Amino acid sequence: MAIHDLLDRLRRDYAALNPQVERIDALLAEAGEHVVHDHIALRTWGDPRCDIDVLARPFVRAGYRAAGAYRFAEKRLVARHFAHDDPDLPLVFVSELVLDQFSPGLQDMVRSLLAQVPEAMFAAPDLCARGRPWQVAHADVEALRRESEYAAWLAAFGWRANHFTVAVHALARLGDLAALDEFLKAHGLRLSSAGGEIKGSPAQGLEQSSTMADVVDVEFSDGTFAVPACYYEFARRWPGPDGRQFRGFIEGSADKIFESTDRRPVS
């Protein structure tokens, strides 16, 4: 699968789960803006059949290279981001849950989910876009949520983009993140205020904000339930001391990628 086809497939699936995406893109287009994505975020389990290396495989084959590694001790996650020499291609941020740092109950649940995945699927070049290939009860997702919001989201939604991020620095008229946030709020969009509306700073090389997660109906083995799905993120990158634009993720703001509660962005 060509990299542009894979990115387009991920975006279409993401927008279907997150109705505000098309509305925001349309509002920006009406304002004379062209949306460019700074990065996309993918999630997976820390299992060798489907870990970061496996999900990143199609991107690496397309010329992406590992460009940064991160550890989030409190949330028991590790992550890497991948970059391409083509500046028009977004960064790809892939994280995984460090399973052996969780309870036996959570580990057993994840094993039961992965046992439902056909072995051939683990080798599929588009595994990162396969969605949820297992059956799971909403009650079990809620049990996971009590230990890890990340695990609950991944169990409910499977392998797909958790979020896309608009490159605010690529906008012509709304290139200031605070101005963009005011523009969105003026059009009725709700932004996350957890930890402050804008995370990061110019001194750190990166500022980020995001919408609240859309709540969508999801079918589980014990019924259909409304759960928070995805949010839309906005990132403004700044030049570093060498004059070049910062192309990584700072731990303070990257950590917000994983921050979630019932009614804040779920990642």
Side-chain angles (χ1 to χ4, degrees), residues 1-42 59 62 64 81-93 126 128-129 131 157 160-194 196-200 202 205-217 228-239 245-247 249 253 256-257 264-267:
M1 176 178 288
I3 191 62
H4 288 285
D5 292 337
L6 178 58
L7 290 169
D8 182 63
R9 178 174 163 186
L10 285 164
R11 188 202 173 280
R12 283 186 283 108
D13 174 77
Y14 163 75
L17 270 181
N18 189 11
Q20 61 187 313
V21 168
E22 299 292 4
R23 183 180 174 221
I24 291 171
D25 283 359
L27 287 171
L28 290 173
E30 290 171 7
E33 299 287 10
H34 172 66
V35 172
V36 174
H37 290 120
D38 177 82
H39 67 272
I40 67 173
L42 305 172
F59 301 97
Y64 276 82
H81 91 264
F82 299 80
H84 198 283
D85 288 336
D86 182 347
D88 292 331
L89 289 174
L91 302 177
V92 177
F93 194 97
D126 60 347
C128 64
F157 293 102
R160 52 177 23 115
N162 169 258
H163 65 267
F164 274 65
T165 300
V166 173
V168 178
H169 45 275
L171 298 178
R173 302 178 184 181
L174 293 166
D176 176 78
L177 185 56
L180 175 61
D181 286 352
E182 291 305 314
F183 171 82
L184 296 172
K185 288 188 290 186
H187 285 86
L189 277 302
R190 297 167 60 226
L191 301 183
S192 170
S193 59
E197 201 167 87
I198 294 179
K199 291 83 173 173
L206 179 64
E207 293 179 299
Q208 294 184 151
S209 64
S210 65
T211 64
M212 301 283 279
D214 269 331
V215 176
V216 299
D217 289 335
C230 302
Y231 61 93
Y232 211 6
E233 189 173 64
F234 314 97
R236 169 68 163 99
R237 294 188 179 275
W238 295 85
Q245 187 184 71
F246 179 66
R247 290 285 284 167
F249 295 86
S253 63
K256 298 301 177 186
I257 291 171
R264 291 189 309 214
V266 174
S267 15

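The model shown is predicted, which means the values in this text are computed figures rather than measured ones.
- A search for side-chain hydrogen bond (donor to acceptor under 3.5 Å, both in side chains) contacts involving H169 returns nothing, not counting sequence neighbours.
- Aromatic ring orientation, F93 versus H39: tilted (interplanar angle from 30° to 60°).
- For F59 and F82, the ring centers sit 6.0 Å or farther from each other.
- Distance NE2/H81 to CD1/I40: 12.5 Å, rounded to 0.5 Å.
- For D85, the side-chain hydrogen bond (donor to acceptor under 3.5 Å, both in side chains) criterion is met by R65, not counting sequence neighbours.
- Applying the side-chain hydrogen bond (donor to acceptor under 3.5 Å, both in side chains) test to R173 and every residue at least two apart in sequence or in another chain returns nothing.
- For R236 (side chain) and G175 (main-chain N/O), a donor-acceptor pair under 3.5 Å exists by modelled atom type.
- Checked against side chain to side chain contact (heavy atoms under 4.5 Å, CB included), A179 has the following partners two or more places apart in sequence or in another chain: D176.
- A distance-only check finds a donor-acceptor pair linking the side chain of Q20 to the backbone of M212 [under 3.5 Å].
- Pairs of residues two or more places apart, or lying in two chains, that qualify as salt bridge (Lys or Arg N to Asp or Glu O under 4.0 Å) and include a residue from residues 29-40 are D38-R237.
- Applying the side-chain hydrogen bond (donor to acceptor under 3.5 Å, both in side chains) criterion to Y64, with sequence neighbours excluded, gives no partner residue.
- Looking at N18, D214, D25 one by one, the single match for side-chain hydrogen bond (donor to acceptor under 3.5 Å, both in side chains) with Y232 turns out to be D25.
- Considering NZ of K199 and OG of S192, their distance stands at 4.0 Å, rounded to 0.5 Å.
- Atom CZ of F164 sits about 12.5 Å away from atom CD of E233, to the nearest 0.5 Å.
- The minimum heavy-atom distance between L174 and L180, with the atom names listed, is O-CB, 3.9 Å.
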